[in-house]
**Student:** 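There's a structure below that I have some questions on.
Sequence positions, counted from 1, serve as the residue numbers for this chain.
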Amino acid sequence: MRRLKLAVLVSGRGSNLEAILEGCASGEVPAEVAVVISDNPGAAALDKAGTHGIKRVIIKRASFQDRDSFEAALAEACQEGGAELVCLAGFMRLLGPAFLGRFPGRVINIHPSLLPSFPGLHAQRQALEYGVRVAGCTVHFVTEEMDAGPIIAQRAVEVLADDTEESLSQRILAQEHRLYKETIALLATAQVTVAGRRVTTS
Ligand code: GRF
């Protein structure tokens, strides 16, 4: 079976990256990670990529004069790896047209809330503080606006009476790992149509 080539962009821990790598290795996800790119040289995600023998590239924002040239370097690293789909997995920067224009409709992100509720940082804390009874995670196409692109898949997680930010985050994270693998597998195998904000697959 043909395997979709992925670039995964990270900044930190890398647990979603690891889930993707394991899904690719087990055959659950018909894809392969061609390159892992980090803007943070200290990201634990880089060690995880190394363990799996995946090409790693570090591209620091501070090495570039402006955002466009930084994004152009990110896009080149993805293209050199032959990436057909770019997966953001804890990548802590907003991307603009210099990157997104090079991969139209081919950049996805995972966020730990049921969007459009609680975009941005500390989504799990926002959910707890708001008092919602159901939290969750979302995989969406990336647009210039933060956590606002068309939604591809979501999974709900019940909020328990004694949840802390940490306990809720852990249960959401377990679902993130499953949802991200399933969604990449879907995008690798299905025809995807985006009409306005609505995403359908066939
Ligand atoms: C995840 O919660 C993801 O939803 C968010 O950032 C976190 C990254 O965690 N965008 P990890 O680096 O994949 O462990």
Side-chain angles (χ1 to χ4, degrees), residues 6 8-24 26 28-31 38-40 43-45 48 85-95 100 105-202:
L6 311 177
V8 183
L9 270 57
V10 296
S11 300
R13 177 176 59 185
S15 71
N16 278 288
L17 167 68
E18 188 149 50
I20 294 166
L21 288 170
E22 282 167 5
C24 292
S26 71
E28 184 189 343
V29 182
S38 177
D39 63 330
N40 169 17
K48 292 180 170 128
L85 180 70
V86 179
C87 305
L88 309 188
F91 185 68
M92 297 304 286
R93 289 177 184 281
L94 276 180
L95 291 168
L100 297 175
R106 289 189 291 139
V107 185
I108 63 174
N109 181 46
I110 185 150
H111 181 76
S113 79
L114 293 175
L115 291 171
S117 294
F118 316 125
L121 291 176
H122 307 301
Q124 306 93 329
R125 189 191 306 168
Q126 293 183 56
L128 265 184
E129 285 174 356
Y130 196 92
V132 294
R133 309 304 297 262
V134 180
C137 49
T138 301
V139 179
H140 62 92
F141 285 112
V142 174
T143 57
E144 284 178 54
E145 204 184 329
M146 184 168 56
D147 302 325
I151 289 168
I152 309 166
Q154 294 188 297
R155 182 123 328 137
V157 172
E158 191 185 351
V159 179
L160 305 178
D162 60 354
D163 259 331
T164 60
E165 183 180 356
E166 200 188 346
S167 65
L168 179 61
S169 299
Q170 279 305 324
R171 287 204 317 290
I172 294 174
L173 192 63
Q175 295 307 319
E176 288 185 42
H177 296 161
R178 292 178 51 194
L179 188 69
Y180 218 2
K181 284 189 288 184
E182 288 168 15
T183 306
I184 294 166
L186 179 73
L187 294 178
T189 51
Q191 192 68 38
V192 178
T193 309
V194 184
R197 292 201 48 87
R198 299 192 70 182
V199 179
T200 49
T201 51
S202 52

**Student:** With sequence neighbours left out, what residues match S38 under side chain to side chain donor-acceptor pair (under 3.5 Å)?
**Tutor:**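 Side chain to side chain donor-acceptor pair (under 3.5 Å) list for S38, sorted by chain: empty.
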**Student:** Applying side chain to side chain donor-acceptor pair (under 3.5 Å), name anything that partners H140, two or more places apart in sequence or on another chain.
**Tutor:** N109
**Student:** Specify the closest pair of heavy atoms between G12 and A43, including all atoms of both residues, with the distance to one decimal.
**Tutor:** O-CB, 3.5 Å
**Student:** Please report the closest heavy-atom contact between L114 and A135, naming both atoms and the distance.
**Tutor:** CD1-O, 3.3 Å
**Student:** Identify, with sequence neighbours excluded, every residue that meets side chain to side chain contact (heavy atoms under 4.5 Å, CB included) alongside M146.
**Tutor:** L94
**Student:** Roughly how far apart are I184 CD1 and I20 CD1, rounded to 0.5 Å?
**Tutor:** 3.5 Å
**Student:** For residues 106-137, which residue pairs pass the ring pair (Phe, Tyr, Trp, His ring centres under 6.0 Å) check, not counting sequence neighbours?
**Tutor:** F118-Y130
**Student:** Can you give me the closest heavy-atom contact between K48 and G14, atom names plus distance?
**Tutor:** CD-O, 3.5 Å
**Student:** Are the side chain of Q126 and the backbone of P119 linked by a donor-acceptor contact shorter than 3.5 Å?
**Tutor:**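 Between the backbone of P119 and the side chain of Q126 there is a qualifying donor-acceptor contact (under 3.5 Å).
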**Student:** Please round to the nearest 0.5 Å and tell me the distance separating atom CG of L160 and atom CZ of R133.
**Tutor:**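 Nearest 0.5 Å value for the CG-CZ distance: 9.5 Å.
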**Student:** Taking all heavy atoms of T201 and all of A190, pick out the closest pair and write down the distance.
**Tutor:** CB-CB, 4.1 Å
**Student:** Does the side chain of N16 reach to within under 4.5 Å of the side chain of L173, using non-hydrogen atoms?
**Tutor:** yes
**Student:** Residues in salt bridge (charged side-chain N to carboxylate O under 4.0 Å, His left out) with D163, at least two apart?
**Tutor:**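 Salt bridge (charged side-chain N to carboxylate O under 4.0 Å, His left out) check on D163 returns R171.
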**Student:** Under 4.5 Å between any side-chain heavy atoms of E182 and L186, yes or no?
**Tutor:** no
**Student:** Any side-chain heavy atom of L95 sitting closer than 4.5 Å to one from L88?
**Tutor:** yes
**Student:** With rounding to the nearest 0.5 Å, note down the distance linking CZ in R155 to OG1 in T138.
**Tutor:** 11.0 Å
**Student:** Tell me, please, which residues at least two apart from R93 pass salt bridge (charged side-chain N to carboxylate O under 4.0 Å, His left out).
**Tutor:** D39
**Student:** Holding to salt bridge (charged side-chain N to carboxylate O under 4.0 Å, His left out), I want the full list of residues that pass it with K181, two or more places apart in sequence or in another chain.
**Tutor:** E28
**Student:** Considering residues at least two apart in sequence or located in another chain, which fulfil the side chain to side chain contact (heavy atoms under 4.5 Å, CB included) criterion with T164?
**Tutor:**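 Here the qualifying residues are E166, S167.
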**Student:** Among residues at least two apart in sequence or on other chains, which ones pass salt bridge (charged side-chain N to carboxylate O under 4.0 Å, His left out) with E144?
**Tutor:** none
**Student:** Residues two or more places apart in sequence or in another chain: which of them pass side chain to side chain contact (heavy atoms under 4.5 Å, CB included) with E22?
**Tutor:**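 Partners of E22 under the side chain to side chain contact (heavy atoms under 4.5 Å, CB included) test: E18, H52.
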**Student:** Can you name the closest pair of heavy atoms from F141 and V192 and give their distance?
**Tutor:**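 In terms of heavy atoms, the two residues are closest at CZ-CG1, 4.1 Å.
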**Student:** What's the separation between atom NE2 in H177 and atom CD1 in I172, rounded to the nearest 0.5 Å?
**Tutor:** 11.5 Å
**Student:** My understanding is that only residues two or more places apart in sequence, or in another chain, count here; which of them pass side chain to side chain donor-acceptor pair (under 3.5 Å) with E158?
**Tutor:**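 Residues passing side chain to side chain donor-acceptor pair (under 3.5 Å) with E158: none at all.
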**Student:** To the nearest 0.5 Å, what is the distance between CD1 (I108) and CG (L9)?
**Tutor:** 11.5 Å
**Student:** Whether the side chain of E165 engages the backbone of Q124 through a donor-acceptor N/O pair (distance < 3.5 Å, no angle test) should be reported.
**Tutor:** no
**Student:** I want to check something: taking the side chain as every heavy atom from C-beta on, are L121 and M92 in contact at a cut-off of under 4.5 Å?
**Tutor:**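 Counting from C-beta outward, L121 and M92 do come under 4.5 Å.
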**Student:** Suppose we screen for side chain to side chain contact (heavy atoms under 4.5 Å, CB included). Which residues come up paired with E129, at least two apart in sequence or across chains?
**Tutor:**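 With sequence neighbours excluded, E129 shows a side chain to side chain contact (heavy atoms under 4.5 Å, CB included) to R125, given in chain and number order.
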**Student:** CD1 of I152 to CD1 of I110: how many Å apart, nearest 0.5 Å?
**Tutor:**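 The distance works out to 10.0 Å.
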**Student:** What are the two closest heavy atoms between C87 and L6, and how far apart are they?
**Tutor:** SG-CD2, 4.3 Å
